[in-house]
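Report on the structure given below.
Below, read A as the first sequence line, B as the second, and so on, with proteins coming before strands; counting in each chain starts at 1.
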Amino acid sequence: MSSPLAVEVRALSKTYEVHERPPGLAAALRSVFRRKYKTIHAVSDLSFTVEPGERVGFLGPNGAGKTTTLKMLAGLLHPTAGEARIAGYVPRRREAAFLKSITLVMGQKQQLLWDLPPADTFTMNRAIYEVSDADFAETLGELTELLDLGAIMKKPTRQLSLGERMKCELAAALLHRPQLLFLDEPTIGLDVAMQLTVREFIRQYNERRGATVLLTSHYMDDVASLCPRVVVIDQGRLRYDGDLPSLVRSIQPDKRVALRFSGSADREAVARAGTIVDFDAAHAVIQIPRVDLREAVGHLLGLSFVADLTIEDPPLEEVMRELFSASKPAEADADAGTQADSA
Amino acid sequence: MSARADLRRVVRAYPTLLRVGLAEAVAYRAEMLVWMLTTTMPLVSLALWSAVAETAPVGRFTQRGFAAYFLATLLVRQLTGSWLVWELNQEIRSGTLSRRLLRPIHPLITYSAQNLAAIPLRFAMTLPAAVVWLVVLEPGAFPRSPLALGAGLLAILGAWLINFFTMALIGSIAFYLESSTAIFDLWMVAFMLLSGYLVPLELFPAALRGVIHALPFRYVIAFPVEIFTGTLRGEAIVGELGIQWAYVLGAGAAAILAFRSGVKRFSAFGG
Amino acid sequence: MLRYLRLLALGLRISVTVGMQYRWNFVIDGVVSILWTGLGLIPLTIAFHARPAIHGWTFATALVVVGWFSLLKGILDGAINPSLLTVVDQIRQGTLDFVLLKPADAQFLVSTARFEPWKALDGLAAIGIFVWAFRLLGRAPGALDVLGSLALLACATLVLYSIWILVIAAAFWVVRLDNLAYLFSSVFDFARWPVSVFRGVLAIVFTFVIPLGIMTTYPAEALLGTLSLRTALLSTVGALGFALISRAVWSRAIGRYTSASS
């Protein structure tokens with residue numbers, strides 16, 4: 001085989017049991033002696049592949065199985081069934097060579113030493129990953145420049161702002177030049193400017209080093225601007241795998257037209273062009289099927305009170321909500337996903 | 001809001017808090033087991049001192065005397081335990097304390113309910129020891145008069161309150177220092193030795209006894225134990241009850257003040 | 001191997017840097033260890049008051065056991081406890097994931113994460129007690145005995161560390177560990193007494209389950225020159241056994257961590 005795939009996932013499943021803690025004293029007393037367990041199917045029969053150098057976004061509602069999948073790919077969780085391979089390695093074996101080729105950044109958790117400046121964490125990671133002096137100096141210089149770390153690297157971590165801390169987290173995670181980046185909500189809690197910085201940095205790193213990026217995020221903008229390809233997971237199952245625009249088109253085949261009025265608008269006349277989403281004295285938003293767009297825009301521009309008109313896609317958040325609300329949990333789901341051969 | 005309305009709300013909510021606290025205590029099976037083992041330490045002391053008293057009594061204590069003493073210690077420790085320091089340290093550090101602060105009841109009250117709710121369970125586990133002690137070892141020593149019994153119970157309540165309030169006080173230091181468990185270790189060192197937990201205080205050199213009577217530790221273990229083993233009688237009990245409850249009030253006031261100023265700081269820094 | 005030594009040195013350096021930031025700990029720790037050592041002698045003096053020997057131990061020889069106890073407590077609080085207690089925090093916060101993703105032995109990494117350099121004070125207290133004990137005995141320990149007792153100190157440290165690893169492994173099942181740690185330190189406190197004082201069930205528990213004998217009594221006997229070669233060998237074997245068991249349990253705990261919940 002020539003260069004292996006960056007990620008290869010076949011029929012991956014993860015189930016685990018949780019102890020149900022029923023409310024009430026009597027039930028609590030009973031559970032001292034007999035516990036009830038419930039099986040959770042976190043991931044069911046997931047298959048996909050990722051080429052080296054790709055940037056892939058994982059989308060899905062809370063509890064969809066995104067983080068579980070990421071952790072299985074990193075070797076932190078063992079799959080119940082199915083198989084995952086990362087650049088030819090089996091993650092669960094946690095071989096040193098594999099661990100040196102990946103990294104994990106979690107927006108809600110930090111690896112920086114709390115009482116010391118990030119520079120000390122960098123030194124620590126340098127020793128653990130056995131990075132040579134020359135490589136360390138070069139990589140650190142590069143990261144310092146890209147992330148503007150100069151001043152913050154020398155301050156104790158506990159005195160840094162959330163944004164500064166995330167920059168240092170990224171630097172600490174990338175010092176060993178991993179070829180595969182697992183980013184779990186890397187921009188969570190950051191302000192818009194910092195989100196942009198982080199996003200831009202990830203793109204640059206990907207382009208410069210040819211590293212593969214797997215990203216989960218609650219912010220659709222992160223995914224939309226960073227990832228040419230998205231994988232949608234819902235209730236542990238693969239729902240979609242492809243580029244974002246076609247996903248949007250398949251779920252929401254309509255376009256939105258925003259109107260600005262001058263003078264009093266005629267609601268009736270506007271409604272003839274499409275479905276009204278929003279309407280007031282000065283503005284309106286209407287939804288129009290893609291195929292009818294040309295005709296409708298012509299009609300709208302012919303109306304004397306329309307001063308301005310813009311065509312846009314429906315907001316991504318709304319598209320996602322629609323996608324996930326369409327998949328109401330099917331009861332039978334809970335039994336599926338365990339047929340695959342056990343690993 | 002008037003203080004009376006506050007009080008009424010607390011009184012109304014307390015039974016529910018206790019019930020939830022008990023359910024919580026029951027939910028952690030492994031914790032229960034560990035705690036059970038921890039509180040059997042007086043039994044190890046018992047074995048140790050029995051060996052020492054094998055050939056001749058130590059002071060007034062024969063082997064049987066030691067047995068009665070340490071079984072009573074086991075019971076008192078069980079009934080008056082508190083672990084608020086760890087809870088406070090953890091909740092302050094992780095910021096989960098803010099959830100408690102949002103409730104319209106003082107956090108120390110919810111903590112106290114959690115604490116008290118676990119006690120019946122622990123008592124049930126030590127009941128066998130109590131029975132052995134009462135029936136076999138010292139049938140004559142157990143206080144018979146309702147007055148002495150009442151004083152004993154009051155002493156146990158006082159011991160629990162001193163424990164609870166000092167733990168709240170030391171726990172509140174965690175608002176200022178990252179962690180106050182190091183300071184708690186200091187208290188623990190003193191407690192183990194000066195409360196009568198490891199060695200009956202009577203056996204201490206006479207020179208130290210005056211100091212020990214003035215320190216709070218004695219009133220957490222030795223004082224109730226001595227009432228129940230019949231070493232302490234009559235007026236002596238009344239006098240020491242006075243000292244004990246003075247400590248309860250002092251520790252209570254200090255704990256509430258420390259907690260209040262700590263919370264102010266906690267809110268200012270946003271956890 | 002060399003790499004792990006380097007990592008160890010780095011861990012120590014970082015701990016000293018952090019220690020410098022919290023200098024008040026130095027004061028508190030100093031006071032605690034002096035208080036603890038001093039007060040800890042009271043029960044001993046009471047027990048030996050007006051009786052020359054208990055199960056073959058005199059005040060002076062029992063004092064040697066107390067010295068080993070102080071030393072071992074310093075090792076426990078300074079080198080073993082701090083690291084392993086951070087693991088518990090890491091499990092709770094989920095940051096243990098970062099450690100598990102590092103290309104180095106996870107048990108090594110968590111065991112060397114933190115040291116409390118100030119606890120070395122306990123070692124000084126121990127030396128003070130040894131000096132006092134041998135002055136009471138009116139002789140100095142033999143050079144060979146000192147060597148033997150140092151070898152047994154290594155065993156004692158290994159046992160102590162292994163037991164702590166077992167305690168920490170329990171944290172993978174039970175998330176709240178305070179109670180367990182408290183239980184262990186309560187039991188460990190009895191290591192200040194010669195283990196042969198205990199009879200019956202407790203003698204078995206303290207010899208095999210929680211081997212307080214290996215921890216303090218045997219090193220003390222070695223220093224006094226009264227330890228039989230057989231006991232010395234057995235305690236070495238025992239210490240290695242404990243290390244193997246704890247390593248196995250630790251691997252299982254990690255395995256469970258990675259195969260269980262999210």
Checking L150(C), L72(C), L71(C), L152(C) against P219(C) for side-chain contact (heavy atoms from CB on, under 4.5 Å), the one that qualifies is L152(C)
- Query: Any chance the side chains of Y161(C) and S111(C) put a donor and an acceptor closer than 3.5 Å?
  - Reply: yes
Looking only at L109(C), V99(C), L101(C), the option with the highest number of non-hydrogen pairs under 4.5 Å against chain A is L101(C)
Turns out that what part of R6(C) lies under 4.5 Å from chain A's heavy atoms comes down to neither
Applying a strict 4.5 Å limit to non-hydrogen atoms, the region of M72(A) in contact with chain C is neither
Check your understanding: How far apart are the C-alpha atoms of R177(A) and T139(A), what are their side-chain angles, what is the distance that settles it, and do they pass the side chain to side chain donor-acceptor pair (under 3.5 Å) test?
Key -> CA-CA 8 Å; R177(A) 297 189 189 166; T139(A) 318; 2.9 Å; yes
| task | Please report the C-alpha distance between E116(C) and R114(C) in whole Å, then the side-chain angles of each, then the deciding distance to 0.1 Å, and finally whether the side-chain contact (heavy atoms from CB on, under 4.5 Å) criterion is met. | result | CA-CA 7 Å; E116(C) 302 241 350; R114(C) 247 182 106 173; 3.9 Å; yes
Residue from I102(A), D120(A), L116(A) scoring the most non-hydrogen pairs under 4.5 Å with chain C is L116(A)
*Given side chains that start at C-beta, do those of Y89(A) and L180(A) come closer than 4.5 Å, heavy atoms only?*
no
Cut-off 4.5 Å, heavy atoms of chain C, and the answer for L113(A) is side chain
- Query: Can the ring centroids of F188(C) and F69(C) be said to lie less than 6.0 angstrom from one another?
  - Reply: yes
Per-residue tally against chain C (heavy atom, under 4.5 Å) across K100(A), Q110(A), Q108(A), H176(A) peaks at Q110(A)
So, the part of A42(A) with a heavy atom under 4.5 Å from chain C: the answer is neither
